[in-house]
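Here is the structure we will look at.
Letters go in sequence order (proteins before strands), and every chain restarts at 1.
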There are 2 protein chains.
Amino acid sequence: MRLSKKERQKKLIRELEADPFLTDEQMAKLCNVSIQTIRLDRMELGIPELRERIKHMAEKNFDQVRSLSPQEVIGEVIDLQLDKSGVSILEIRKEHVFERNGIARGHYLFAQANSLAIGLVDAEIALTAAAEIRFVRPVRLGEKCMAYAKVVEVQSSRTKVEVQTKVNNEVVFYGLFEVYRTEEDQLAKEER
Amino acid sequence: MRLSKKERQKKLIRELEADPFLTDEQMAKLCNVSIQTIRLDRMELGIPELRERIKHMAEKNFDQVRSLSPQEVIGEVIDLQLDKSGVSILEIRKEHVFERNGIARGHYLFAQANSLAIGLVDAEIALTAAAEIRFVRPVRLGEKCMAYAKVVEVQSSRTKVEVQTKVNNEVVFYGLFEVYRTEEDQLAKEER
DNA sequence: CCACATTCTAATACCAAGTACTAATAGCAG
DNA sequence: CTGCTATTAGTACTTGGTATTAGAATGTGG
C-alpha cells in the first residue's frame, strides 16, 4: 500500500537524515511513487537537490580552522590562537542528554573542553595526560555551551590549559588539562 | 606569459588545496589555458572532477557526525553491583582514535569511566560533580579497555567512585569521580 | 452521480559540469 | 620535412537535476 502524502513526506525526511546522499530516483523507489512526486515533495519541504545538499555538507566542513583536522573536535571552534587561547561552541541536543531528565551527560562537556584544549596546543601530536574537572551546574537540552580555553603554563613537554565553559555567561564547567606534546620525529624515536 | 606544463600543474594543485570548489572553467581562466588542457592535467594528476571532490569531503564529514554520537552507554557493562562495583569493556575502534596517529581520544576513555561511575550509583538521578583523571599511557586502535569501578566513599548527597581502566592488565587510565545524586522529588523541589 | 480539487504521473526542453573520444593546430628538434 | 609534445576545438553522451505544461487517478461535497 502507498502511504499518504504527509506520511510519505515524513518518511522522506527520516530517510534523508539517515542518508543524505539519496537521489530523487532512489527515493522514488523507496516510496513507490514517481520521481516527479518526490520532486514536488522536496519543493514543499524546501529540501534542496542532492548536489546542493552535498555541497553544503562539504562547505561546513571546509570552513573550519585549518591547522587541526576538524573531525577531531567536538563542538565548533570559532576562535583559535595556537598556544594562547580558543573558544568553541556546543549546542546541547537530544543525543547529548539523559533521556530521563534532559541533563547533558558529563562526557560531552568534557569532550568539548578536551578537544579544545588539545586543538590549542601547537604540536604534531598532543595528548591529554591528566585533568581536574568540575561540573558546576547541570546543563540542559538546548543550551549553548561556550568553552573558553587559555594556556596557563608551558613546560618542556607539557602544556597546561584552563577551560571554562559558560551558558549565558554563567560558568557550568571548569577544567584544568595537562596536555602532553611531541613532534613527530621524537615519537618515531620512541616507537623504536 | 603562460606557464610551463609542470608549473601549471603545480599551480593547479595549490589552487585546489586553497579552494577545492573550483570548476574546470574557473581553473582554465586562472591559468589562461583552455578547459581541455585543464581536464588533461586533472587526468595526469589523478584529480577527480568537482562533484566527486565535493562528495568526498561531505562523506568524510558525515562519517564523523555518525561516530560522534555513540548514543547510550559508552562501553558495554558486564558486571554491576549497585553502590559497590562494576566493570565495563570498550574496544577501541577507528572512530575513537585520532586519524593521524591511531591513539584513542581521551574523551572516549573518560566517557567509558564516567558512564560506569554514574551507572554504579543507585539513585533516581546521578550526575558527575567533579573528577580527577590521569591518562597513564596512550591506548591504541584495537585494544580492549576494561574499566573497573568501585565506590570508595558515600556521603549524604555525594558518592566517590574510583575507576581504573586496564588493557591487558596494564593500567592506562585512572579516575576519581565525585557523583552527585538526588531522588526525583528533591530535584523537583530545587527547580522551583 | 456530477463537478471540482487534490494528488500523482508523464513528457518535454533545458542546464551544469562533467567524461570520452576524435581531430586539428602550433612550435620546436633533429 | 618528419615526428613529437602541448594545446585547443568540437561532438556525443551522462547524471541529476529545474521548470513547465498537460493529463490521469482519486477523493470529496453537494
- prompt: Among C:dT7, C:dG18, D:dT8, which is the nearest nucleotide to the side chain of B:Asp24?
  reply: C:dG18
query: Quick one: does B:Arg39 reach the base of C:dT19 with a side-chain donor-acceptor pair under 3.5 Å?
result: no
- prompt: Where the side chain of A:Arg8 is defined as all heavy atoms beyond and including C-beta, which of D:dA6, C:dG18, C:dC8 is the nearest nucleotide?
  reply: C:dC8
statement: By nearest-heavy-atom nucleotide on DNA chain D, the more 5' of A:Gln36 and B:Thr37 is B:Thr37
statement: When rounded to whole Å, the CG to P distance for the pair B:Leu50 and D:dG16 reads 14 Å
task: Grab the CD1-P distance between B:Ile38 and C:dG18 for me, whole Å please.
output: 11 Å
task: Taking the six-membered ring for Trp and the full ring for Phe, Tyr or His, determine whether the centres of A:Phe177 and A:Phe110 are under 6.0 Å apart.
output: yes
query: Hey, are A:Tyr174 and A:Glu132 close enough side-chain-wise for a donor-acceptor pair under 3.5 Å?
result: no
query: Do A:Gln155 and A:Glu153 have a side chain donor and acceptor closer than 3.5 Å?
result: yes
- prompt: What integer distance in Å separates A:Lys55:NZ from C:dA17:C1'?
  reply: 11 Å
- prompt: Does the base of C:dA16 carry an N or O that pairs as donor and acceptor with the side chain of A:Arg51 under 3.5 Å?
  reply: no
message: Rounding to an integer number of Å, can you tell me how far B:Lys5 NZ sits from C:dC28 C1'?
response: 16 Å
task: Look at the side-chain N and O atoms of B:Ser34 and state whether any lies under 4.0 Å from the OP1 or OP2 oxygen of D:dT7.
output: no
query: How would you label the contact of A:Arg53 with the nucleic acid (heavy atoms, under 4.0 Å): base, sugar-phosphate, or nothing?
result: nothing
query: For B:Glu44 and D:dT7, what is the distance between atoms CD and C1' respectively, to the nearest whole Å?
result: 12 Å
- request: Please state how far atom CG in A:Asp41 lies from atom C1' in C:dT9, giving the value in whole angstrom units.
  value: 13 Å
- request: Rounded to the nearest angstrom, tell me the gap between atom CD1 in A:Ile35 and atom P in D:dG17.
  value: 8 Å
- prompt: If you take all heavy atoms of A:Arg158 and A:Tyr180, which pair is closest and at what distance?
  reply: NE-CD1, 3.8 Å
- request: Report yes if the side chains of A:Val172 and A:Lys166 come closer than 4.5 Å at any heavy-atom pair, otherwise no.
  value: no
- request: Whole angstrom is fine here: how far is it from CD in B:Glu49 over to C1' in D:dT15?
  value: 9 Å
